[in-house]
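In what follows, a structure is listed as structure tokens, so that the remarks can point back to it.
FYI, the numbering just counts along the sequence from 1.
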Amino acid sequence: MPKMTLFAKRETNLDPMQAAKDDRPVWLKIGTGVLIFVLICTFVYLFCPYTRIQALVCSGNYYFTAQQIYGIADVSVNQRTYLNLPQQMEKKLLANPLIESADVYYDGQVLNLDIQEKTIIGYYEENGENYLLTSQGERIPVTSQTELRTLVHYPLLADLSPEVLDLIAKEVREHPDQLTRSVFEKIAEILPWQESYDKNMLKLVLQDGNTIFTSIPSLFMMSTYQQVLVNLQGENVCLMLDGDNGVVNKIACSYMYLSPEERAENREIPKSVLDQNIYPTPQENARQTDSSTDQSQTDQNQTAADQNQAATDQNQAPAPSENQDPNAQQTPAADQTPASQPTSGQIPEDLSTITDWEGSAVDYMQHSPSTNLFYNTDNGIYYTYDAASDTFYPY
């Protein structure tokens, strides 16, 4: 019989449950400890303040406000970061037809939403529905209140054909640096306009009350409008964009609204651009022509006399008269050739020598009858006038 000791007695009195725990494998004990640790950490993570979004930062938005972007992404401050994954928010943003790209990421507890919106040219109405025209030529129906609120940023595209809309979108794609969102924000309405030389012109009614007429290829000149405003005088003025020459011309609004019949009567420079009291009448032109002819004949006779005198001094036969055989006429020396007289409308090399400037019917434009040049007293540029297109071109 084994000898009983104090320790042996205590071993015989151990709790059966405790004995079962002591008999567990070591790996099971370790696993249980790890699981408890993970549960504690998870509890702390889920409910600690460091898992909340502390701030939202939106960048790249133009038409949408930051609050509208947060609403589209369905995110707000104090939401849990683990419930708002960047990939999920990017998917929600890209579902909006006006957003071209989206990049969402966390910087600590700050959520950054970097978006790129599509360039909107304007909106138009068709069959009672509003549609947005993008620079890529897309037609996006306005279906939500969020999109409807953005219409204040765009001009109304009124009565423009689908072909013209496509041409405008193409022009915007070709000049992205000039035809920006801020340019179109200055325009209240874009209307079709026809001229005899261009059936697809545009009439731009601006937010400030001014009106611009332009061909579609010259639309990029709208980028210079802010510079034009610096020296522009008057209100509700009319301008013509000239992309070929890179200028913006101020024109009389009354002329642009004349009927074709009235324009036909005012095509000549004396009628459409000049005061009739300033420009010479046809009778005056005829008298000037007769005077020039007489002066030219006198000069020719004087030249013939000088040539005959020179021939006599050199013991040569005098120059034949007009009644003699032309074949027997001798050719005068080169240094004896008479200098040509200035013709009407001849422009001197030094424009500052022109002194017959008179006022015209066009604001800030003076006209020189002797050269048919125009001088803009506002910008100091000389112009010629093209009656066919009713346009001033820099000389």
Side-chain angles (χ1 to χ4, degrees), residues 155-160 164 186-219 221-222 224-282 357-369 371-395:
L156 172 63
L157 308 175
D159 303 325
L160 296 175
V164 171
K186 295 182 177 67
I187 307 173
E189 192 173 5
I190 301 179
L191 300 163
W193 189 263
Q194 290 188 356
E195 292 290 344
S196 59
Y197 52 90
D198 190 344
K199 300 299 183 182
N200 290 324
M201 290 188 66
L202 301 175
K203 173 186 174 183
L204 313 181
V205 181
L206 304 187
Q207 299 283 3
D208 58 10
N210 295 332
T211 303
I212 291 181
F213 299 89
T214 179
S215 64
I216 296 178
S218 296
L219 187 60
M221 288 292 296
M222 270 298 298
T224 64
Y225 179 70
Q226 199 63 37
Q227 301 174 3
V228 173
L229 285 179
V230 176
N231 298 317
L232 187 64
Q233 299 181 5
E235 297 180 353
N236 300 323
V237 301
C238 292
L239 303 171
M240 178 76 76
L241 303 185
D242 181 5
D244 293 335
N245 296 284
V247 295
V248 179
N249 297 315
K250 184 178 180 181
I251 56 178
C253 295
S254 58
Y255 178 84
M256 297 303 297
Y257 295 104
L258 291 177
S259 66
E261 294 76 16
E262 292 171 325
R263 286 194 176 191
E265 296 175 357
N266 291 276
R267 273 299 178 190
E268 297 295 332
I269 293 181
K271 295 180 180 180
S272 64
V273 179
L274 302 176
D275 188 321
Q276 296 183 9
N277 296 325
I278 296 176
Y279 198 78
T281 62
W357 295 111
E358 302 285 353
S360 73
V362 181
D363 293 341
Y364 309 109
M365 281 291 191
Q366 292 184 346
H367 175 252
S368 167
T371 61
N372 271 342
L373 282 181
F374 290 84
Y375 176 71
N376 190 309
T377 59
D378 188 37
N379 58 24
I381 298 178
Y382 295 88
Y383 292 89
T384 59
Y385 178 76
D386 179 25
S389 61
D390 190 43
T391 303
F392 290 96
Y393 294 102
Y395 176 70

Original post:
Parallel, tilted or perpendicular: which describes the rings of W193 and Y257, with under 30° parallel and over 60° perpendicular?
Top reply: perpendicular
Original post:
Taking N210 for the side chain and N236 for the main chain, is one N or O donor matched with an acceptor at less than 3.5 Å?
Top reply: yes
**OP:** Compare all side-chain heavy atoms of I216 with those of D198 and state whether any distance is below 4.5 angstrom.
**Re:** no
**OP:** Report the residues that fulfil side-chain hydrogen bond (donor to acceptor under 3.5 Å, both in side chains) with N245, sequence neighbours left out, ordered by chain and then residue number.
**Re:** D242
Original post:
Is there a donor-acceptor pair under 3.5 Å between the side chain of S360 and the backbone N or O of H367?
Top reply: no
Subject >> Nearest atoms (heavy-atom pairs only) where D159 meets P192 >> reply: O-CG, 3.5 Å
Subject >> Smallest separation among heavy atoms of N376 and D378, with atom names >> reply: OD1-N, 2.7 Å
Original post:
Do the side chains of F213 and N249 get nearer than 4.5 Å, heavy atoms only?
Top reply: no
Subject >> Set of side-chain hydrogen bond (donor to acceptor under 3.5 Å, both in side chains) partners for Y375, sequence neighbours left out >> reply: none
Original post:
Can you name the side chain to side chain contact (heavy atoms under 4.5 Å, CB included) partners of A158, sequence neighbours left out?
Top reply: L156, E189, L191
**OP:** Look up atom CD1 in I190 and atom NZ in K203, then write down how far apart they are to the nearest 0.5 Å.
**Re:** 13.0 Å
**OP:** Write down the atom of Q194, the atom of K199, and the distance for their closest heavy-atom approach.
**Re:** CG-O, 3.3 Å
Original post:
Are T224 and L241 close enough that some pair of their side-chain heavy atoms sits under 4.5 Å apart?
Top reply: no
Original post:
Below 4.5 Å, heavy atoms only, C-beta onward: do V247 and I381 meet side chain to side chain?
Top reply: no
**OP:** Kindly compute the distance separating OG1 (T211) from CG (L239), expressed to the nearest 0.5 Å.
**Re:** 8.5 Å
**OP:** Taking the side chain as every heavy atom from C-beta outward, state whether I187 and M222 have any pair of such atoms under 4.5 Å apart.
**Re:** yes
Subject >> Criterion side-chain contact (heavy atoms from CB on, under 4.5 Å) on L206 and I212, from CA distance to verdict >> reply: CA-CA 8 Å; L206 304 187; I212 291 181; 3.8 Å; yes
**OP:** Please identify each residue that fulfils side chain to side chain contact (heavy atoms under 4.5 Å, CB included) with Q226, with sequence neighbours left out.
**Re:** K186, L229
Original post:
With sequence neighbours left out, what residues match K250 under side-chain hydrogen bond (donor to acceptor under 3.5 Å, both in side chains)?
Top reply: none
Original post:
At their closest point, which heavy atom of W357 faces which heavy atom of L373, and how far apart are they?
Top reply: CZ3-O, 3.5 Å
Subject >> From CA spacing to verdict: side-chain contact (heavy atoms from CB on, under 4.5 Å), L219, L204 >> reply: CA-CA 10 Å; L219 187 60; L204 313 181; 3.9 Å; yes
Original post:
Can you tell if the side chain of Y225 reaches within under 4.5 Å of the side chain of D208, non-hydrogen atoms only?
Top reply: yes
Original post:
Residues two or more places apart in sequence or in another chain: which of them pass side-chain hydrogen bond (donor to acceptor under 3.5 Å, both in side chains) with S215?
Top reply: S218
